[in-house]
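Quick note: numbers below take in every heavy atom, side chains included, and nothing from hydrogens, waters or symmetry partners. Read the numbers this way: they start at 1 and go in the same order the structure lists the ligands and their atoms.
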Amino acid sequence: MVLLGDMGTGKTSLVLRFVKGQFYDYQESTIGAAFFTEVLYLNEATVKLDIWDTAGQERYQSLAPMYYRGAAAAVVVYDITSTASFEKAKRWTQELQRQASPQIFTALIGNKADLDEKREVDHEVAEQYAEENGLHFFETSAKTAQNVNELFHEIAKTLARTC
Ligand code: GDP
Ligand code: MG
């Protein structure tokens, strides 16, 4: 699987929350891409998730197809306190629809749900966009762990059925 989305939306933090159960207020920004692997024991199967955590900067954008082309799942992350990051996430989902495998499991993720007082992106607006485009949708917080396990388990369950 691959994580895509603007720099600073919390991609690395989501992976570290899931893999290590930790959160850092000063997470260093990712250079190029980072690779993680995690084994999930589900009732129906054991799933090994290979996770590519990409950097969000524009200068790395041309590298993204290397990561999503062979991916079974893509997680497109925006920050609920940033409309610009939501617009960018929409563009990623469109690129995936055009360029990635038609079978790819794609989730749209509104991260930093703990910062509700600074929210710029309505839950309903994002949910409707996801529904119209056949995307799974979660609001998460890497900080509080809200929906983080749920997200990765949903991906693993779907991949266990389809891969
Ligand atoms: P990335 O560039 O998408 O990998 O984003 P990072 O994981 O590096 O996170 C960018 C910044 O946002 C860091 O300062 C994190 O501590 C912070 N951050 C990430 N996820 C959350 C979250 O769910 N809630 C809050 N409040 N901050 C977060
Ligand atoms: Mg990162």
Participant: Ligand 1 and K112, any nitrogen or oxygen pair closer than 3.5 angstrom?
Facilitator: yes
Participant: Using a 4.0 Å heavy-atom cut-off, say whether D6 meets ligand 1 through its side chain, its backbone, both or neither.
Facilitator: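 Answer for D6: backbone.
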Participant: Can you tell me the protein heavy atom closest to atom 14 (O) of ligand 1 and the distance?
Facilitator: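 Checked against all protein heavy atoms, atom 14 (O) of ligand 1 sits closest to D25 O, 2.8 Å.
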Participant: Among all protein non-hydrogen atoms, which one is nearest to atom 3 (O) of ligand 1, and what is the separation to 0.1 Å?
Facilitator: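 The answer is K11 NZ, 2.7 Å.
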Participant: When you measure from the Mg ion (ligand 2) to the N, O or S atoms of S29, does any of those distances fall below 2.8 Å?
Facilitator: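 So S29 does not bind the Mg ion (ligand 2) by this criterion.
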Participant: To the nearest 0.5 angstrom, please state how far the CD1 atom of I109 sits from the OG1 atom of T9.
Facilitator: 10.5 Å
Participant: For K143, counting its heavy atoms only, list the atoms of ligand 1 lying under 4.0 Å from any of them.
Facilitator: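 Within the 4.0 Å cut-off of K143, ligand 1 contributes 22 (C), 23 (O), 24 (N), 26 (N).
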Participant: Is any side-chain heavy atom of L16 less than 4.5 Å from a side-chain heavy atom of F36?
Facilitator: yes
Participant: In the protein, which heavy atom is nearest to atom 5 (O) of ligand 1, and how far is it?
Facilitator: G10 N, 3.0 Å
Participant: So is L115 polar-close to ligand 1, meaning N/O to N/O under 3.5 Å?
Facilitator: no
Participant: Can you see which heavy atom on L40 is nearest to which on A156, and at what distance?
Facilitator: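 Nearest heavy atoms, L40 then A156: CD2-CB, 3.8 Å.
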Participant: Can you tell me the protein heavy atom closest to atom 8 (O) of ligand 1 and the distance?
Facilitator: Q27 CG, 3.2 Å
Participant: Would one find an N or O of Y26, backbone or side chain, under 3.5 Å from an N or O of ligand 1?
Facilitator: no
Participant: Among all protein heavy atoms in this structure, tell me which lies nearest to atom 7 (O) of ligand 1, with the distance rounded to 0.1 Å.
Facilitator: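 For this ligand atom, the closest protein heavy atom is S13 OG, 2.6 Å.
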Participant: Which bit of N111 is near ligand 1, meaning a heavy atom under 4.0 Å away: side chain, backbone, both or neither?
Facilitator: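 Within the 4.0 Å criterion, N111 contacts ligand 1 through side-chain atoms alone.
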Participant: So, 4.0 Å and heavy atoms of G8: is ligand 1 close enough to count as a contact?
Facilitator: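 Judged by the 4.0 Å heavy-atom criterion, G8 does count as contacting ligand 1.
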Participant: Return the orientation label for the F137 and H123 ring planes: parallel under 30°, perpendicular over 60°, tilted otherwise.
Facilitator: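 Ring orientation, 0 to 90° scale: perpendicular.
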Participant: Does the shortest distance from the Mg ion (ligand 2) to an N/O/S atom of M7 fall below 2.8 Å?
Facilitator: no
Participant: Using a plain distance cutoff, I'd like to know if A142 has any nitrogen or oxygen under 3.5 Å from a nitrogen or oxygen of ligand 1.
Facilitator: yes
Participant: Is the backbone N or O of E139 less than 3.5 Å from a side-chain atom of N147, with the two atoms forming a donor-acceptor pair by type?
Facilitator: yes
Participant: Cut-off 3.5 Å, side chains only: do E132 and Q128 have a donor facing an acceptor?
Facilitator: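 Their side chains do contain a donor-acceptor pair, which is all the 3.5 Å distance test asks for.
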Participant: Starting from atom 27 (N) of ligand 1, locate the nearest protein heavy atom and write down its residue, its atom name and how far away it is, to 0.1 Å.
Facilitator: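 For this ligand atom, the closest protein heavy atom is F23 CZ, 3.7 Å.
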Participant: Salt bridge or not for K157 and E154, using N-O below 4.0 Å?
Facilitator: no
Participant: Given side chains that start at C-beta, do those of K48 and T46 come closer than 4.5 Å, heavy atoms only?
Facilitator: no
Participant: Any donor-acceptor pair under 3.5 Å linking the side chain of D79 with the backbone of S85?
Facilitator: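 Not a single qualifying donor-acceptor pair exists.
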Participant: If you count the non-hydrogen atoms of other residues, nucleotides and ligands that lie under 6.0 Å from OH in Y41, is the total more than 12?
Facilitator: no
Participant: If we only count heavy atoms from C-beta on, is the F86 to D122 side-chain gap below 4.5 Å?
Facilitator: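 No, their side chains stay 4.5 Å or more apart.
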Participant: Can you list the atoms of ligand 1 that are under 4.0 Å from a heavy atom of S141?
Facilitator: 23 (O)
Participant: Checking the N or O distance criterion of under 3.5 Å, is ligand 1 in contact with A113?
Facilitator: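 In this structure, A113 places no N or O atom under 3.5 Å from an N or O of ligand 1.
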Participant: For ligand 1, is any non-hydrogen atom under 4.0 Å from T12's backbone (N, CA, C, O), its side chain (CB onward), both, or neither?
Facilitator: both
Participant: Would you say Y24 and ligand 1 have an N/O pair spaced under 3.5 Å apart?
Facilitator: yes
Participant: Any non-hydrogen side-chain atom of F18 less than 4.5 Å from a side-chain atom of L151?
Facilitator: no
Participant: Flag the pair D53 / F35 as yes when at least one side-chain heavy-atom distance between them is below 4.5 Å, and no otherwise.
Facilitator: no
Participant: Which option wins on minimum heavy-atom distance to atom 24 (N) of ligand 1: L14, T144, D114?
Facilitator: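 Selected option, by shortest heavy-atom distance: D114.
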Participant: Which ligand 1 atoms does M7 reach within 4.0 Å, using its non-hydrogen atoms?
Facilitator: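 Within the 4.0 Å cut-off of M7, ligand 1 contributes 2 (O).
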